[in-house]
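What follows is a single structure, written as structure tokens, with notes after it.
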Amino acid sequence: MATSVSASVEASARRTGLRVAVLASGRGSNLAAILRACAEGELNAEVVGVFSDKAKAGAIALAQHAGVPTLVLNPAAFGARQECDQALFREVDAVRPDLIVCAGFMRILSSEAVAPRTQRLINIHPSLLPRYAGLHTHQRVLDAGDVEHGASVHFVIPALDAGPVIAQARIPVVSGDSAESLAKRLLPVEHGLMIASIALFCAHRVRHSEGRVLIDDVAQSRPRQIVP
Ligand code: GRF
């Protein structure tokens with residue numbers, strides 16, 4: 001599989017647009033949204049590789065179906081986290097991504113992997129960060145009695161879900177909501193947020209500087225709000 005990733009580099013170099021690598025461990029609905037937006041010209045971008053720690057990830061099947069090069073690395077085959085990350089990013093770098101999107105990638109990346117990529121490594125998280133980093137966000141929103149929920153796209157830093165937030169989208173919590181109903185209602189909103197965030201990169205409008213998000217060279221005091 002590594003061969004197919006490298007082999008695609010030359011062909012992809014002839015195309016224009018933002019080169020996006022996607023890291024995913026799960027079903028891949030965010031990847032599907034990105035692929036659709038690229039295909040329909042909503043994003044001037046191209047998915048140049050999909051990488052996973054799970055051979056059975058839906059994202060891998062989706063990418064293969066779309067003719068996108070894939071690579072699966074089994075973390076159990078590596079000793080330390082850094083070794084796995086090194087092998088992973090060697091392959092990610094081979095597709096020369098302008099942007100690396102973690103979309104449901106369920107591994108914490110080592111600081112060695114993050115540090116050289118602080119301008120072009122982003123993650124989508126299903127909560128209004130800084131609230132509810134980590135898992136089970138929908139249930140935690142309900143347990144706290146919050147009246148709204150949402151998702152965030154942020155630059156990745158070595159601490160979990162703690163990087164500067166680029167953009168957020170919100171949904172109301174309504175009476176009778178369960179963790180499942182919240183997850184279901186939030187998912188399409190996440191997709192819109194993801195596309196809007198990648199569009200900022202396509203337009204070269206967003207940067208990460210000293211822990212802050214700059215849009216059009218202006219440091220943002222709060223995340224950009226994307227209306228679903
Ligand atoms: C999304 O809810 C994302 O926010 C979270 O994992 C989920 C990934 O979904 N981190 P999918 O695999 O893109 O469908």
Side-chain angles (χ1 to χ4, degrees), residues 20 22-38 40 42-43 47 50-54 56-63 66 99-109 121-201 206 213 215 220-228:
V20 179
V22 176
L23 276 51
S25 304
R27 77 200 134 174
S29 70
N30 279 282
L31 169 65
I34 298 168
L35 287 167
R36 183 203 53 74
C38 293
E40 293 178 359
E42 188 182 342
L43 284 177
V47 179
V50 174
F51 301 82
S52 186
D53 56 336
K54 300 261 187 295
K56 292 193 172 148
I60 289 295
L62 258 170
L99 180 66
I100 304 163
V101 176
C102 297
F105 188 58
M106 300 308 282
R107 278 180 60 77
I108 296 173
L109 296 173
L121 184 55
I122 63 171
N123 178 50
I124 185 158
H125 181 74
S127 82
L128 294 171
L129 290 171
R131 276 181 281 173
Y132 315 124
L135 298 174
H136 310 303
T137 58
H138 314 301
Q139 188 58 51
R140 289 159 72 195
V141 161
L142 292 173
D143 292 346
D146 292 353
V147 296
E148 68 174 358
H149 187 25
S152 307
V153 168
H154 65 92
F155 282 109
V156 175
I157 64 168
L160 181 69
D161 300 326
V165 178
I166 300 166
Q168 290 180 324
R170 292 160 191 270
I171 60 168
V173 177
V174 298
S175 138
D177 257 332
S178 61
E180 292 71 30
S181 69
L182 276 178
K184 191 172 171 199
R185 229 171 42 254
L186 185 59
L187 194 63
V189 173
E190 285 188 45
H191 298 161
L193 171 67
M194 173 66 89
I195 303 307
S197 302
I198 295 177
L200 288 172
F201 285 88
V206 61
V213 173
I215 297 181
Q220 305 294 294
S221 54
R222 66 190 289 258
R224 176 157 290 225
Q225 301 298 303
I226 305 298
V227 180

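- At a threshold of 4.5 Å between non-hydrogen side-chain atoms, the residues Ser25 and Lys54 count as touching.
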Steps toward side-chain contact (heavy atoms from CB on, under 4.5 Å) verdict (Leu23, Val50): CA-CA 6 Å; Leu23 276 51; Val50 174; over 6 Å; no

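- The minimum heavy-atom distance linking Ile226 with Ala196 is given by the pair CD1-CB, 3.8 Å.
- When the options Val141, Leu182, Leu135, Leu186 are evaluated for a side-chain contact (heavy atoms from CB on, under 4.5 Å) with Pro126, the one that passes is Leu186.
- Heavy-atom minimum distance, Ala59 versus Ala24: CB-CB, 3.6 Å.
- With rounding to the nearest 0.5 Å, the separation of CG in Leu200 from CD1 in Ile195 is 12.0 Å.
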Could you check Asp53 against Phe105 for side-chain contact (heavy atoms from CB on, under 4.5 Å), going step by step and ending with a plain yes or no? CA-CA 8 Å; Asp53 56 336; Phe105 188 58; 3.9 Å; yes

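- Looking only at distances, no side-chain donor or acceptor of Ser127 sits under 3.5 Å from a matching main-chain atom of Thr137.
- Atom CG of residue Asn30 and atom SG of residue Cys102 lie 11.5 Å apart, to the nearest 0.5 angstrom.
- Separation of atoms OG (Ser197) and CD1 (Ile34) is listed at 10.0 Å; rounding is to 0.5 Å.
- The closest donor-acceptor contact from the side chain of Gln168 to the backbone of Leu129 lies under 3.5 Å.
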Applying side-chain contact (heavy atoms from CB on, under 4.5 Å) to Arg36 and Glu42, what does each step give before you reach the verdict? CA-CA 8 Å; Arg36 183 203 53 74; Glu42 188 182 342; 3.3 Å; yes

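- Here CG of Leu128 is found 5.0 Å from CZ of Arg170. Values are rounded to the nearest 0.5 Å.
- Closest approach of Glu190 to Ala151, counting heavy atoms only: CG-CB, 3.6 Å.
- Interatomic distance, Arg224 CZ to Ser152 OG, rounded to the nearest 0.5 Å: 15.0 Å.
- Contact between Gly134 and Arg140 at its shortest, heavy atoms only, is C-NH1, 3.9 Å.
- With contacts defined as side-chain heavy-atom distances shorter than 4.5 Å, the pair Phe201/Ile166 qualifies.
- Checked for salt-bridge contact, Lys184 and Glu180 miss the test: no charged N lies under 4.0 Å from a carboxylate O.
- Side-chain atoms of Leu187 and Arg27, non-hydrogen and from C-beta on, do get closer than 4.5 Å to each other.
- For the pair Ile100 and Ile122, the minimum side-chain heavy-atom distance is 4.5 Å or more.
- Between Asp177 and Arg185 there is a salt bridge, since at least one side-chain N of the basic residue sits less than 4.0 Å from a carboxylate O of the acidic one.
- Using a 4.5 Å heavy-atom cutoff, the side chains of Asn123 and Phe155 are not in contact.
- Taking OH from Tyr132 and NE2 from His149, the interatomic distance works out to 9.0 Å, rounded to the nearest 0.5 Å.
- A donor-acceptor pair shorter than 3.5 Å cannot be found between the side chains of His154 and His125.
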From CA spacing to verdict: side-chain contact (heavy atoms from CB on, under 4.5 Å), Leu193, Ile124: CA-CA 9 Å; Leu193 171 67; Ile124 185 158; 4.2 Å; yes

